[in-house]
Asks: 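Questions regarding the structure given below will be posed in turn.
Owing to the predicted nature of the structure, the values given are computational and were not obtained by experimental measurement. Just follow the structure's listing: the first ligand is 1, and inside any ligand the first atom is 1.
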Amino acid sequence: MSFIQFLTFLLYGLLVRAHTTTDNGRCEEVTNTCAVISCSTHGHSGLPGRDGRDGKEGVKGEKGDRGPQGSRGVQGPPGKLGPPGEKGEKGSVGQKGEQGVSATSEVDVVKEQLNTFQRELETFQASLGKYKKILLFHGGKQSGDKVFVTNGLEENFENAQRTCREAGGVLATPKSAAENSATQEILNTKGESAKAFLGISDFQVEGIFRYLSGEKIIFTNWNLGEPNNSKDNEDCVEIQDNGKWNDIPCNLLRLVICEFQ
Ligand SMILES: *[C@@H]1O[C@H](CO)[C@@H](O)[C@H](O)[C@H]1NC(C)=O
Ligand SMILES: [Ca+2]
C-alpha cells in the first residue's frame with residue numbers, strides 16, 4: 001500500500017466517524033467543515049461508533065517480490081528427432097560366423113526329388129518306346145499288353161519253358177483269339193509246317209489242361225479230333241501254322257515262342 005493510499009484511507013475513515021457522531025449536537029454545524037479534533041476538545045468523548053461500511057476498491061498495488069523457487073515439475077515428452085549426424089568411418093571386418101542351418105524345408109526336398117523322378121520317368125518311357133519298336137521290327141508281335149517273340153530255336157518243352165523264364169517271360173500262352181493270331185503270325189514267318197510249344201499241359205490230371213501257373217485254361221483252339229493223347233503220351237501242346245492246337249509228346253523239339261507282359 002502506497003503512502004497516498006494510506007492517507008486517503010485514513011481521511012475517509014475520519015470523515016465517516018464524524019458523521020456518525022451527530023447525535024452529540026455540539027458539532028452538528030461544524031461536522032462538514034471542521035476537523036474532529038476541534039469538536040473533541042469542547043465536549044467529552046461519546047461512545048465509539050458502529051463499524052463503517054466497506055470502502056471503495058483501492059488502486060492496484062505494485063508488483064510484489066519474487067517468490068521462492070517451486071518444486072521440480074514432471075518430466076515432459078521426448079523432443080523431436082534431431083538431424084542426422086555425419087557419416088562415421090567404416091568399421092573393421094568382423095570374424096567369420098558359424099555355418100548356418102539350411103533353410104530348405106523337407107517339402108522342397110521332396111518336390112525336387114519328384115521333379116527328378118518325373119524327368120527320369122519320361123526318359124525311361126521314351127527308352128521303352130524305342131526298344132518296343134526294335135522288338136516289333138525284329139519279329140515280335142503285340143496283342144494288348146503282351147508282346148510275343150521267338151529266339152528262332154527249337155527245343156523240347158522243358159528247355160523251351162526254362163528259356164522263356166530265364167528271359168523274363170513265359171512260354172506263349174494265348175488266352176484269346178487275338179493273342180492266338182499273334183502267336184500264329186510268328187509261326188508263319190518261319191514257313192509252312194512251323195510249330196511251337198504253348199505254355200499249357202495236363203501233367204497234373206490227364207485230359208485237364210492248365211496254364212503253367214496252374215489255372216485251368218479259359219481259351220482253346222484245338223484241331224479237329226484233338227486232344228487225343230495219342231499213345232497215352234501227349235501231355236504238352238503245340239500250335240500249328242494254321243493256328244490250331246494239338247497235344248503232343250513233351251520231348252519233341254518245337255520252336256520257342258515266349259510272351260512278355
Ligand atoms: C492223335 O493226334 C496225333 C498228333 O498229336 C496224330 O498224329 C494222331 O493221328 C491222332 N490219332 C487219332 C487216332 O486221331
Ligand atoms: Ca494229339
Side-chain angles (χ1 to χ4, degrees), residues 121 123-261:
L121 186 63
T123 303
F124 174 75
Q125 286 174 327
S127 181
L128 185 66
K130 181 175 69 177
Y131 287 110
K132 193 171 182 180
K133 288 174 186 171
I134 293 170
L135 186 61
L136 297 178
F137 176 76
H138 202 63
K141 298 296 175 184
Q142 185 174 9
S143 178
D145 292 337
K146 287 184 180 179
V147 173
F148 299 90
V149 65
T150 180
N151 61 358
L153 302 178
E154 291 188 337
E155 298 175 355
N156 65 32
F157 177 83
E158 188 178 354
N159 290 340
Q161 181 183 5
R162 185 170 61 244
T163 296
C164 287
R165 188 170 59 237
E166 288 176 354
V170 294
L171 271 173
T173 309
K175 294 182 177 177
S176 68
E179 291 181 8
N180 201 73
S181 295
T183 309
Q184 183 190 350
E185 285 179 39
I186 292 176
L187 274 179
N188 292 343
T189 63
K190 298 299 176 182
E192 288 187 25
S193 72
K195 301 177 182 71
F197 276 118
L198 295 182
I200 295 172
S201 78
D202 66 348
F203 288 139
Q204 293 183 335
V205 179
E206 176 53 44
I208 298 178
F209 289 87
R210 294 177 182 271
Y211 298 123
L212 301 180
S213 64
E215 298 169 286
K216 285 187 178 177
I217 55 176
I218 59 172
F219 168 83
T220 61
N221 197 35
W222 296 116
N223 204 359
L224 190 62
E226 305 294 345
N228 63 1
N229 192 29
S230 180
K231 300 176 183 176
D232 197 23
N233 189 35
E234 298 184 331
D235 291 341
C236 289
V237 179
E238 67 177 7
I239 178 173
Q240 301 168 342
D241 59 358
N242 61 356
K244 292 298 181 181
W245 297 3
N246 174 34
D247 58 341
I248 58 169
C250 295
N251 61 347
L252 296 180
L253 299 182
R254 292 292 183 269
L255 183 69
V256 178
I257 299 178
C258 306
E259 69 173 38
F260 299 89
Q261 193 170 14

Asks: For side-chain contact (heavy atoms from CB on, under 4.5 Å), just list the numbers for W245 and N180, CA-CA rounded to whole Å, side-chain angles, deciding distance to a tenth of an Å, and then say yes or no.
Replies: CA-CA 10 Å; W245 297 3; N180 201 73; 2.9 Å; yes
Asks: For D247, counting its heavy atoms only, list the atoms of ligand 1 lying under 4.0 Å from any of them.
Replies: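 In order of number, 5 (O).
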Asks: Using the side-chain contact (heavy atoms from CB on, under 4.5 Å) definition, which of the options I248, L171, V237 pairs with F157?
Replies: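 For F157, the side-chain contact (heavy atoms from CB on, under 4.5 Å) check succeeds only for L171.
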Asks: Please check whether N246 reaches ligand 1 - meaning an N/O of the residue sits under 3.5 Å from an N/O of the ligand, judged on distance alone.
Replies: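 Yes; at least one N/O pair falls below 3.5 Å.
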Asks: Go through the steps to decide whether W222 and N246 satisfy the test side-chain contact (heavy atoms from CB on, under 4.5 Å), and finish with yes or no.
Replies: CA-CA 6 Å; W222 296 116; N246 174 34; 5.7 Å; no
Asks: In sequence, state the C-alpha distance, the side-chain angles, and the governing distance for F260 and L135, and then conclude on side-chain contact (heavy atoms from CB on, under 4.5 Å).
Replies: CA-CA 11 Å; F260 299 89; L135 186 61; 5.6 Å; no
Asks: For residues 128-245, pull every pair meeting disulfide (SG to SG under 2.5 Å), keeping only residues two or more places apart or in separate chains.
Replies: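 For residues 128-245, and leaving out neighbouring residues, the disulfide (SG to SG under 2.5 Å) pairs sorted by first residue read C164-C258, C236-C250.
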Asks: Restricting to side-chain contact (heavy atoms from CB on, under 4.5 Å), what partner residues turn up for S143, sequence neighbours left out?
Replies: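 Per chain and number, S143 pairs via side-chain contact (heavy atoms from CB on, under 4.5 Å) with F148, A178, E179, A182.
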Asks: Tally of protein N/O/S atoms under 3.0 Å from the Ca ion (ligand 2)?
Replies: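 My tally for this metal is 6.
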Asks: Do you see a protein non-hydrogen atom under 4.0 Å from atom 5 (O) of ligand 1?
Replies: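 Given the 4.0 Å limit, the answer for atom 5 (O) of ligand 1 is yes, a protein heavy atom qualifies.
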Asks: Can you tell me the protein heavy atom closest to atom 10 (C) of ligand 1 and the distance?
Replies: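 The answer is N228 ND2, 2.2 Å.
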Asks: Kindly determine whether E238 and K195 satisfy salt bridge (Lys or Arg N to Asp or Glu O under 4.0 Å), including the steps that lead there.
Replies: CA-CA 6 Å; E238 67 177 7; K195 301 177 182 71; 5.4 Å; no
Asks: Going by side-chain contact (heavy atoms from CB on, under 4.5 Å), name the residues that satisfy it together with K216, two or more places apart in sequence or in a different chain.
Replies: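 Checked K216 against side-chain contact (heavy atoms from CB on, under 4.5 Å); matches are I208, R210.
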Asks: Which of the numbered atoms in ligand 1 are below 4.0 angstrom from a heavy atom of E234?
Replies: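 With E234 as reference, the close atoms of ligand 1 come out as 3 (C), 4 (C), 5 (O).
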